[in-house]
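Just below is one structure, and these are the notes that go with it.
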Protein chains: 2
Amino acid sequence: MAPSTRARLVEAALRLFAEKGYGSTSVADILKAAGVHSGSLYHVFPTKQALLLAVLDEYLEGIRSMLLEPAWAGVDDPVERIFALLAIYRHFLVETDFLFGCPIGSVALELHEPDPPVREKLAANFTAWKKAVAACLADAQSRLPEHVDINRLASFVLTTMEGAVMQARTYRSVEAFDASVDSLRDYFDLLLATATARQAPGAHARHPRRVSRNARNIQKGEPQ
Amino acid sequence: MAPSTRARLVEAALRLFAEKGYGSTSVADILKAAGVHSGSLYHVFPTKQALLLAVLDEYLEGIRSMLLEPAWAGVDDPVERIFALLAIYRHFLVETDFLFGCPIGSVALELHEPDPPVREKLAANFTAWKKAVAACLADAQSRLPEHVDINRLASFVLTTMEGAVMQARTYRSVEAFDASVDSLRDYFDLLLATATARQAPGAHARHPRRVSRNARNIQKGEPQ
DNA sequence: GTCTATACCCTGATAGAC
DNA sequence: GTCTATCAGGGTATAGAC
């Protein structure tokens with residue numbers, strides 16, 4: 001079955017908004033990419049912003065099938081799943097020569113008026129992302145120190161991803177991205193070691209030589 | 001001496017770009033805010049982008065006097081200086097009802113074409129910011145574990161700031177900002193404790209109950 | 001160097017035939 | 001539902017008198 005006009009528009013807009021941002025993408029760009037004419041677009045969506053809202057819904061709906069499942073294929077350890085998720089963004093950046101980062105983040109920083117409907121959908125996307133990370137942390141809770149607040153840490157993981165993507169795009173280089181993710185990994189190593197020390201109080205919690213560098217390896221493979 | 005036309009334009013553009021972003025600020029907006037007429041602007045700057053470049057130079061030039069010195073007034077400890085710097089951004093966000101975040105970051109995510117001159121100046125601003133943080137880390141080096149890479153960690157601090165600002169602006173709330181900065185603080189606490197454990201190998205490196213919550217307090221005060 | 005007036009283009013959005 | 005043609009408005013940038 002051929003995709004509907006609406007589906008073609010959302011798909012094209014999704015790609016263009018991610019690549020060029022919302023403001024820098026003109027309706028004409030979308031029409032051309034979707035092979036649709038102006039009248040048809042405005043038959044389906046009353047305004048350009050309504051199309052953005054549909055795109056943000058599409059992102060939210062596809063977070064599992066388009067993002068999490070590809071990232072987590074073959075990765076079972078919950079902590080490694082977090083770094084596999086970050087590795088997907090690295091893959092996107094490298095693959096697109098730093099054109100494509102996080103579409104939600106790009107649009108988020110374009111918002112300058114309150115603009116409640118758009119902001120709410122952006123927030124919903126961030127929240128769903130963090131919830132997925134928080135679920136991983138919950139799975140690993142027994143290996144983490146008691147004081148760790150899972151939601152707070154999930155926020156920090158999202159912060160790391162968005163900040164790392166921003167630097168990668170600005171420098172057109174993965175160096176700062178890797179530096180950030182490596183630092184987050186170091187933090188996780190310390191947390192895991194701290195919890196181990198607590199469980200086995202006889203052992204000193206020296207800084208562990210980390211062994212799991214697989215976030216770096218995963219990104220070489222295709223995200224399906 | 002009255003400010004020159006050029007200075008008034010740069011000042012107005014600096015504020016407007018920070019508040020509304022580059023693309024969403026029209027030349028007409030700048031002219032009105034600066035009390036300058038079109039002909040005068042284009043007598044000084046050939047294009048709007050040239051004005052942006054001047055604004056980015058102004059930021060880079062003012063990083064010490066406008067950002068670091070206010071943030072660090074009365075703060076001598078190098079680690080606390082890092083958190084005082086983050087607290088300034090929190091202050092900006094709260095003070096402007098989440099309108100104003102990091103002007104460099106906002107413009108950075110607006111870039112979608114390679115656009116080398118702008119990108120280079122954004123990168124220079126990021127690099128200068130990280131260099132200031134790295135200098136703090138160098139001052140604290142004796143208290144940090146040997147394995148810590150100062151530049152990598154400085155990148156991570158910038159990542160944390162930018163990601164935290166993005167979330168704060170999206171949610172229009174400091175909650176996720178605070179969660180990220182608190183997590184970074186936790187990481188620093190662990191690093192400092194790890195280094196202490198190394199220096200005094202008899203002591204267990206338990207997770208320390210952190211005492212320094214002053215990043216939260218500093219932001220209440222005026223940044224001068 | 002500063003002003004007014006305006007050129008020229010691209011934007012989002014619409015009208016109305018088919 | 002889809003097409004062509006087009007509108008009204010705001011965008012950057014310019015021309016040219018003073």
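Residue numbers begin at 1 in each chain, while the letters A, B, ... track the order of the sequences. No experiment lies behind these values; they were computed from the predicted model shown.
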Output side-chain donor-acceptor pairs under 3.5 Å for residues 16-27 of chain B, partner residues at least two apart or in another chain, one line each.
residue	atom	partner	partner atom	Å
K20(B)	NZ	D29(B)	OD2	3.0
Y22(B)	OH	Q49(B)	N	3.3
T25(B)	OG1	L16(B)	O	3.4
T25(B)	OG1	G21(B)	O	2.6
S26(B)	OG	A28(B)	N	3.4
S26(B)	OG	D29(B)	N	3.0
S26(B)	OG	D29(B)	OD1	3.4
S26(B)	OG	D29(B)	OD2	3.3

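The nearest whole Å value for the distance from the CG atom in L9(A) to the P atom in dA13(C) is 14 Å. Rounded to whole Å, the distance from CZ on R6(A) to C1' on dT2(D) is 18 Å. Straight-line distance from the NZ atom of K32(B) to the P atom of dT12(D): 14 Å, rounded to whole Å. The separation between I30(B) atom CD1 and dG10(D) atom P is 17 Å, rounded to whole Å. Between H37(B) atom NE2 and dT12(D) atom P there is a gap of 17 Å when expressed in whole angstrom units.
Residue side chain S38(A) does not reach the base of dT4(D) through any donor-acceptor N/O pair under 3.5 Å, judged by distance alone.
Comparing atom distances between the T5(B) side chain and each of dT14(D), dT14(C), dT2(C) picks out dT2(C) as nearest.
Relative orientation of the Y187(B) and F156(B) rings is perpendicular, given thresholds of 30° and 60° on the angle between their planes.
Listed in residue order, the members of residues 20-27 of chain A having a heavy atom less than 4.0 Å from DNA chain C are T25(A), S26(A), V27(A). Contact check of residues 40-55 of chain A against DNA chain D (heavy atom, cut-off under 4.0 Å) returns S40(A), H43(A).
Within 6.0 Å of CZ in R8(A) there are more than 12 heavy atoms belonging to other residues, nucleotides or ligands. Shown here is R172(A), whose CZ atom has more than 12 heavy atoms of other residues, nucleotides or ligands within 6.0 Å.
Counting only residues at least two apart or in different chains, ring pair (Phe, Tyr, Trp, His ring centres under 6.0 Å) contacts with residues 162-183 of chain A are absent.
No side-chain donor-acceptor contact under 3.5 Å links R169(A) to the backbone of L93(A).
By the side chain to side chain contact (heavy atoms under 4.5 Å, CB included) test, R81(B) pairs with W72(B), V75(B), D76(B), C136(B), sequence neighbours left out. For D139(A), there are no salt bridge (charged side-chain N to carboxylate O under 4.0 Å, His left out) partners at least two apart in sequence or on another chain.
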